[in-house]
Asker: 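The structure that follows is given in the form of structure tokens.
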Amino acid sequence: MGPSSTPEGPDSTPAPDSSSTKGTSSAKGTDTGSDLAGRVALVAGGTRGAGRGIAVQLGAAGATVYVTGRTSGSERSEMDRPETIEETAALVDAAGGRGIAVRVDHLVPDEVSALVARISGEQGALHILVNDIWGAGIEWNRTVWESSLDTGLRTLRLAVDTHAITSHFALPLLIETPGGLVVEMTDGTDEYNADNYRVSFFYDLAKAAVNRMAFALGHELAPYGSTAVALTPGWLRSEAMLQAHGVTEATWREAIAHAPHFAISESPAYVGRAVAALARDPEVARWNGQSLSSGQLARVYGFTDTDGSKPDAWRYLTEVQDRGLPADVTGYR
């Protein structure tokens, strides 16, 4: 089994090397700073994990970031995790951007509509939409008939319906300004998921659906000068993943002793830097409708993880872990 997703946002993922399919990228995106100053982003599902990493890195580039989710300082979602949207917004501020926390249940159309109306009223534009909403329980290694139907259908609602509802309300505002970017966060690239069963019927279906959303949105957004992509991190060191391995971000390498392939793991900042690189790229339309990974984009844009490495988890997963080879990240990070 490869990287896995965790609460309110995918926390996993490797990908095919399609960096050559649309030409060579410029080095733009390797610097932080205020190059996204004046840009407005909505990170839907920014409470923790990949969503938090993306929000913070957009903030580090100077963006104003609306951070939404169901867990606030006063109320927790069904995931019952301690991380809050207010904490993420404060991290965006500390990184140099402006973080605005708004508690939203993205399954409730009226709440999403009100959110977009607020963004429009306060900012007058929306330039970046990141659909990272998840927050679903997962039944691993269960057939469709062994799974709880209630849990499985709830997974699909939280992983698929939320993205569709958010796009329905947010995209009319986003397309008012040419150059908009939509990032559909998922687990696994199209290529990997097409050839590999993703641990259960409902999880497999949910992740394939989100990848397809980016393809469909790419067709619908192109006439308006906007771009949609699907993006997957690798084996993500989310808060839940670190807790599961009994380590912290500072001590994560200790987990390699009992989970050798964890050596390929990456911090949430890595996929966050991937989104920031896409957002600052004037030629981002070359990726329209494609399925991308953090490791793939690092090779193109030149950004690194917090330790200076460039982990390419999906290539590693395919060439090392899935082949049953001993853990060895040489040449993969």
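As a basis for the values below, the full set of heavy atoms in this structure was taken, side chains included, without hydrogen atoms, waters or symmetry mates.
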Asker: Below 4.5 Å, heavy atoms only, C-beta onward: do V104 and V112 meet side chain to side chain?
Answerer: yes
Asker: Are I133 and L107 connected in the hydrophobic side-chain network, where two residues link if heavy atoms are under 4.5 Å apart?
Answerer: no
Asker: What I want to check is whether the side chains of E184 and H163 have a donor and an acceptor closer together than 3.5 Å.
Answerer: yes
Asker: Between the side chains of N141 and S200, does any donor sit under 3.5 Å from an acceptor?
Answerer: no
Asker: Under 3.5 Å, is there a donor-acceptor pair between the Y301 and D281 side chains?
Answerer: yes
Asker: Would you tell me whether T143 and E146 have side-chain atoms, one donor and one acceptor, within less than 3.5 Å of each other?
Answerer: yes
Asker: Just how far is it from atom CE of M241 to atom CG of L236, taken to the nearest 0.5 Å?
Answerer: 7.5 Å
Asker: Does R212 CZ have over 12 foreign heavy atoms under 6.0 Å away?
Answerer: no
Asker: Does any N or O in the side chain of E111 come within less than 3.5 Å of the main-chain N or O of D105, such that one atom is a donor and the other an acceptor?
Answerer: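 Pair found, side chain donor or acceptor close to backbone of D105.
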Asker: Between S238 and G49, is there a donor-acceptor pair closer than 3.5 Å when you use the side chain of the first and the backbone of the second?
Answerer: no
Asker: State whether the side chain of D204 and the backbone N or O of Y197 hold a donor-acceptor pair below 3.5 Å, judged by distance alone.
Answerer: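 No, the answer is negative, given that no donor and acceptor are paired below the 3.5 Å cut-off.
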Asker: Can you find a pair of side-chain heavy atoms, one from R154 and one from F202, that are under 4.5 Å apart?
Answerer: no
Asker: Just checking, is any N or O donor in the side chain of R81 or Q243 under 3.5 Å from an acceptor N or O on the other one?
Answerer: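 Yes.
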Asker: To the nearest 0.5 Å, what is the distance between OG1 on T189 and NZ on K207?
Answerer: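 Nearest 0.5 Å value for the OG1-NZ distance: 13.5 Å.
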Asker: Given side chains that start at C-beta, do those of L158 and R70 come closer than 4.5 Å, heavy atoms only?
Answerer: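 Sidechains of R70 and L158: in contact.
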Asker: Return the minimal non-hydrogen interatomic distance between Y270 and A298, and the atom names on each side.
Answerer: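 Heavy atoms of Y270 and A298 come nearest at OH-CB, 3.0 Å.
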Asker: Tell me if the centroids of the rings in Y203 and W134 come within less than 6.0 Å of each other.
Answerer: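 For Y203 and W134, the ring centres are under 6.0 Å apart.
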Asker: Salt bridge check, R280 against D35: does any charged N sit closer than 4.0 Å to a carboxylate O?
Answerer: yes
Asker: Would you check if there is a donor-acceptor pair between the side chains of E266 and S294 at a distance under 3.5 Å?
Answerer: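 Yes.
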Asker: Once rounded to the nearest 0.5 Å, what's the spacing between atom CG of N193 and atom OG1 of T186?
Answerer: 6.5 Å
Asker: Under 3.5 Å, is there a donor-acceptor pair between the side chain of S120 and the main chain of V116?
Answerer: no
Asker: Side-chain donor-acceptor pairs under 3.5 Å in residues 220-227, sequence neighbours left out?
Answerer:
unit_1	atom_1	unit_2	atom_2	d
S226	OG	G180	N	3.4

Asker: Going through the checks in order, is the side chain to side chain contact (heavy atoms under 4.5 Å, CB included) test met by F303 and L297?
Answerer: CA-CA 8 Å; F303 62 85; L297 292 179; 4.0 Å; yes
Asker: Quick one: name the residues clustered hydrophobically with F215, using the 4.5 Å side-chain heavy-atom rule over I, L, V, M, F, W, Y, and just say none if it's on its own.
Answerer: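 None; F215 is a cluster of one.
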Asker: Which residues satisfy the side-chain contact (heavy atoms from CB on, under 4.5 Å) test with L205, sequence neighbours excluded?
Answerer: L156, F201
Asker: Quick one: do L231 and V271 satisfy side chain to side chain contact (heavy atoms under 4.5 Å, CB included)? Show the steps, please.
Answerer: CA-CA 8 Å; L231 178 62; V271 74; 3.7 Å; yes
Asker: A side-chain contact here means heavy atoms from C-beta on lying under 4.5 Å apart; do V67 and V102 qualify?
Answerer: no
Asker: Under the side-chain hydrogen bond (donor to acceptor under 3.5 Å, both in side chains) definition, can you give me all pairs with a residue in residues 254-263, not counting sequence neighbours?
Answerer: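 Of all non-adjacent pairs touching residues 254-263, those that pass side-chain hydrogen bond (donor to acceptor under 3.5 Å, both in side chains) are H245-H258, H261-Y316.
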Asker: Is a side-chain donor or acceptor of T304 paired with a backbone partner of S309 at a separation under 3.5 angstrom?
Answerer: no
Asker: Ignoring hydrogens and angles, state whether a donor on the side chain of S265 or R237 is under 3.5 Å from an acceptor on the partner side chain.
Answerer: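 Present: a donor and an acceptor within the cut-off.
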Asker: Is there a donor-acceptor pair closer than 3.5 Å between any side-chain N or O of R142 and the backbone N or O of E139?
Answerer: no
Asker: How many angstroms lie between atom OG1 of T177 and atom CD1 of I128, to the nearest 0.5 angstrom?
Answerer: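 With rounding to 0.5 Å, OG1 (T177) is 11.5 Å from CD1 (I128).
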Asker: For R273 and G53, indicate whether the former's side chain and the latter's backbone hold a donor-acceptor pair under 3.5 Å.
Answerer: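 No.
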Asker: Below 3.5 Å, can you tabulate the donor-acceptor pairs from side chains in residues 89-99 to any protein atom, sequence neighbours excluded?
Answerer:
unit_1	atom_1	unit_2	atom_2	d
D93	OD1	G99	N	2.7

Asker: State, yes or no, whether a side-chain contact exists between I54 and V56 at a heavy-atom distance under 4.5 Å.
Answerer: no
Asker: If the threshold is 4.0 Å, N to carboxylate O, is there a salt bridge linking R48 and E87?
Answerer: no
Asker: For the hydrophobic clusters of this structure (ILVMFWY residues joined by side-chain heavy atoms under 4.5 Å, transitively), does one cluster hold both V284 and V130?
Answerer: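 Yes: a chain of side-chain contacts under 4.5 Å links V284 to V130.
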Asker: Between S147 and L149, is there a donor-acceptor pair closer than 3.5 Å when you use the side chain of the first and the backbone of the second?
Answerer: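 Answer holds: no.
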Asker: Are I119 and L36 linked, directly or through intermediate hydrophobic residues, by side-chain heavy-atom contacts shorter than 4.5 Å (ILVMFWY only)?
Answerer: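 No; tracing contacts between hydrophobic side chains, which count when under 4.5 Å, never links both residues.
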Asker: Rounded to the nearest 0.5 Å, what separation is found between the CD atom of E176 and the CG atom of L171?
Answerer: 11.5 Å
Asker: Main chain of S293, side chain of Q296: is a donor-acceptor contact present, judged purely on distance under 3.5 Å?
Answerer: yes
Asker: Got a donor-acceptor contact below 3.5 angstrom from the T251 side chain to the T248 backbone?
Answerer: yes
Asker: Establish whether L217 and L174 are linked, either directly or via other cluster members, by ILVMFWY side-chain heavy-atom contacts under 4.5 Å.
Answerer: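 In one cluster: yes.
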Asker: Side chains of I85 and R103, heavy atoms from C-beta outward: is any pair under 4.5 Å?
Answerer: yes
Asker: Looking at side-chain heavy atoms only, is the closest gap between K310 and R299 below 4.5 Å?
Answerer: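 The answer is no, as the side chains (C-beta and beyond) never meet within the 4.5 Å cut-off.
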Asker: Is there a side-chain contact between I138 and T155 (heavy atoms, below 4.5 Å)?
Answerer: no
Asker: Looking at residues at least two apart in the chain, or sitting in another chain, which of them share a salt bridge (charged side-chain N to carboxylate O under 4.0 Å, His left out) with D307?
Answerer: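 Applying salt bridge (charged side-chain N to carboxylate O under 4.0 Å, His left out) to D307 gives R253, R333.
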Asker: What is the minimum heavy-atom distance between N211 and S291, and which atoms define it?
Answerer: OD1-OG, 4.1 Å
Asker: Just do the side chain to side chain contact (heavy atoms under 4.5 Å, CB included) check on V229 and N288 with the steps written out, would you?
Answerer: CA-CA 6 Å; V229 301; N288 193 35; 5.8 Å; no
Asker: For side chain to side chain contact (heavy atoms under 4.5 Å, CB included), just list the numbers for Y332 and E319, CA-CA rounded to whole Å, side-chain angles, deciding distance to a tenth of an Å, and then say yes or no.
Answerer: CA-CA 10 Å; Y332 294 97; E319 297 177 5; 2.6 Å; yes
Asker: Within the 3.5 Å criterion, strictly below it, is a donor on Y66 or E122 matched to an acceptor on the partner's side chain?
Answerer: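 Judged by distance alone, the side chains do pair up.
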Asker: For residues V40 and V65: do they belong to one hydrophobic cluster (side chain heavy atoms under 4.5 Å, members Ile, Leu, Val, Met, Phe, Trp, Tyr)?
Answerer: no
Asker: Just verifying a value: how many Å separate L126 CG and R39 CZ, rounded to the nearest 0.5 Å?
Answerer: 10.5 Å
